[in-house]
Amino acid sequence: MLTTRPRGTNDVLPEEAFRWQYVEGVFRRLCQDYGFAEIRTPIFEHTELFERGVGEITDIVAKEMYNFFDRSNRKLTLRPEGTAAVVRAYLESGLKSGPHPVKLYYLGPMFRYDRPQAGRYRQFHQGGVEVFGTDDPEADTEVIALAVDFYRRLGLQNFELHLNSIGCKVCRPVLKENLSSFFKIRQKELCPNCQERLEYNPLRILDCKEPKDQEIAKGAPDSLSCLCPSCIAHFEAVLGYLEVLKIPYLIDKQLVRGLDYYTRTTFEIMVADTWAQSSVGGGGRYDDLVAALGGPPTPSIGFAVGLERVLLTMNKQNTPFPAPKNLDVFIVEADKEASRAALELLFFVRAQGLSADKDFLGRSLKAQMKYAAKKKARFVAILGKEEINRQVVSLKDLASGEQKEIFPAEIKEEIGKYKKA
RNA sequence: GUGGGAGUAGCUCAGUUGGUUAGAGCACCAGAUUGUGGCUCUGGGGGUCGUGGGUUCAAGUCCCAUCUUCCACCCCA
């Protein structure tokens, strides 16, 4: 093989592409229904944006970014996530001066240099939403409800909404301080990874999967107990609204999330019984990120869904997809004399809004019929000397096998009967 | 970055203790007398056995390296 695709990337072949279109369509429709407008940002950005936005000590920045220099020696990075770029665009454009809150959604490829495995690829796709300019708990609920609605609309089974609050810049330092003093006592018992985590982000020890560390962490001060009064009020308000909307949730004190910019509400949607990557989407509030990137203080919240993981889960759960739209009619030329008329007929029916195709290999009538059936055409319109002499076409319904002669002008009406049914 | 499984036709795989021109099913193409698909039958095309080295008279088969893939860890979508 002369070329193969780069590691961790995938070709989406026609059969699968149909499923992608469906899932993307559901996501777009959902966002529109919730009052979000699409934003499209570049696929690469200045490296610094992610270093400062996502956080230098995160794994994403430390070891997973696709960095490169362009011909003018600019340091650039293929985007590893969506939020930083959307914040950048929001600040760079007039959006920041427009009516608030600003509600945006995006859909597209992201890149992380990771070892590929089930549900994890170097080029993967996310759909996401961001709400800028409000710290109202209703905005949190809005974003969480949108996330849950997405999985519901797709018909996903057994997903759980995990919720936590990790505090704001007032109470998070308190939590971090409490956690590090708690873990320092038993520092030597922690796994090597967590001993490092203790240095830069003790929060992460909470979701370590080492059984020993989990045992130790059981008695740790949890994030909720350290929240300041306003963060408690915020969190309780979010929970209250979720109850109003009858959205079931699980409070998950272990839920920390890997990106540095999160504050207060964090949430993740998990699907049980799939594979190691049970998270199909997640998000949270990031009240300090806009300011950290040079903008005015702008409380904000967002969410992102991993489309590969959703598709994988749907396939695993045998979630029904709508039937692909097949070809309405396939034009068959019964003999060479009919070729000009067949070509005219092909474009005539297309102009009437029907999907239509014909053979381009000069094959026998029989082979054309076979090809039409394989292409899953619903009807076949046969045109030969006999039809041309009488100014008609033979229209055959491939599902029932019935065939009748009609005038070309009647094709649309004839096929329309079936389309309605 | 770490660990384990796997790479033979487009797909799923077989290939005996190394031994002639590497097979099957499905898929693809064509035919089964006059202008008609799905079923059946017949025939055909298609493989540098992932790639590169090595051992041997001889390698799909043994050894090494490398790439890719699958699964897990770290982490995340």
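Side chains included, hydrogens not; waters and symmetry mates left out as well; all remaining heavy atoms used.
Checking B/C28 for Watson-Crick or G-U wobble geometry (two distances, each under 3.5 Å) identifies B/G44 as its partner. Using N1 to N3 plus N6-O4 or O6-N4 for Watson-Crick, or N1-O2 and O6-N3 for G-U wobble, each under 3.5 Å, B/G3 pairs with B/C71. The nucleotide B/A22 finds no pairing partner, because no Watson-Crick or G-U wobble arrangement with both distances shorter than 3.5 Å includes it.
Going from the C1' atom of B/G47 to that of B/A27 covers 16 Å, rounded to whole Å. For the C1' atom pair drawn from B/G60 and B/U21, the interatomic distance equals 15 Å after rounding to whole Å. One C1' atom belongs to B/C63, the other to B/U69, and the distance between them is 23 Å to the nearest Å. Atom P of B/G7 sits at a distance of 14 Å from the matching atom of B/U51, rounded to the whole Å. Of the C1' atoms belonging to B/A30 and B/G45, the separation is 10 Å, rounded to the nearest Å. Straight-line distance between the P atoms of B/A22 and B/A9: roughly 14 Å, to the nearest whole Å. Rounded to a whole angstrom, the distance from the P atom of B/U42 to that of B/C49 is 31 Å. Separating the P atom of B/C73 from that of B/C57 is a span of 48 Å, rounded to the nearest Å.
In the model, A/Asp149 has a side-chain atom that pairs as donor or acceptor with a side-chain atom of A/Tyr34 under 3.5 Å. Using modelled atom types and a 3.5 Å distance limit, the side chains of A/Ser279 and A/Glu268 yield a donor-acceptor pair.
No contact: A/Gly283 has no heavy atom under 4.0 Å from any strand. Contacts of A/Glu337 with the nucleic acid, taken as non-hydrogen atoms under 4.0 Å apart, are absent. Heavy atoms of A/Val310 sit nowhere under 4.0 angstrom from any nucleic acid atom. A/Glu81 comes within 4.0 angstrom of no nucleic acid atom, judged by non-hydrogen atoms across all strands. Nucleic acid contact for A/Gly128: none, since no nucleic acid atom lies under 4.0 Å from a heavy atom of the residue. A/Gln403 comes within 4.0 angstrom of a nucleotide base, judged by non-hydrogen atoms across all strands. Within 4.0 Å (heavy atoms only), A/Lys396 reaches at least one base atom of the nucleic acid.
Counting only heavy atoms from C-beta on, A/Gln126 has its side chain closest to B/A77 among B/C71, B/A77, B/G37. The listed nucleotides are B/G37, B/A30, B/G1; the one nearest the side chain of A/Arg115 is B/G1. In this structure, the nucleotide among B/C71, B/C70, B/G37 sitting nearest to the side chain of A/Lys366 is B/G37. Nearest nucleotide to the side chain of A/Ala373, out of B/U36, B/G37, B/A30: B/G37. In this structure, of B/G37, B/C29, B/C71, it is B/G37 that holds the atom nearest to the side chain of A/Lys370.
Between A/Phe235 and A/Ile251, some side-chain heavy-atom pair lies under the 4.5 Å cut-off.
Nearest-nucleotide assignment on RNA chain B puts the 5′-proximal partner with A/Tyr113, out of A/Tyr113 and A/Ala367. Positionally, the nearest nucleotide of RNA chain B for A/Arg7 lies more toward the 5' end than for the other of A/Ser279 and A/Arg7.
Between A/Arg363 atom CZ and B/G31 atom P there is a gap of 10 Å when expressed in whole angstrom units. Here B/A30 presents its P atom at 13 Å from CG of A/Leu365, a figure rounded to the nearest Å. Rounded to whole angstrom, the span from the CG atom of A/Asn10 across to the P atom of B/A77 amounts to 19 Å. Remark: P of B/G37 and CZ of A/Arg378 are 18 Å apart, rounded to the nearest angstrom. In this structure, the CG atom of A/Leu395 is 16 Å from the C1' atom of B/G35, given to the nearest Å. Rounded to an integer number of Å, the gap from A/Asp114 CG to B/G3 P is 16 Å. Distance, A/Gln123 CD to B/A77 C1': 14 Å, rounded to whole Å. Separating the CZ atom of A/Arg5 from the P atom of B/C70 is a distance of 7 Å, rounded to the nearest angstrom.
Counting only residues at least two apart or in different chains, side chain to side chain donor-acceptor pair (under 3.5 Å) contacts with residues 9-23 of chain A comprise A/Arg19-A/Asn315.
Per the stacking criterion (ring centres < 5.5 Å, plane angle < 30°), A/Tyr371 does not stack onto the base of B/G37.
A side-chain contact (heavy atoms from CB on, under 4.5 Å) with A/Ile144 holds for exactly one of A/Ile301, A/Ile269, A/Leu245, A/Leu161; it is A/Leu161.
The cationic atom of A/Arg74 (NZ for Lys, CZ for Arg) does not lie both less than 6.0 Å from the six-membered ring centre of A/Phe69 and within 45° of the ring axis.
Across all non-hydrogen atoms, the minimal contact from A/Tyr90 to A/Val102 is CE1-CG2, 3.9 Å.
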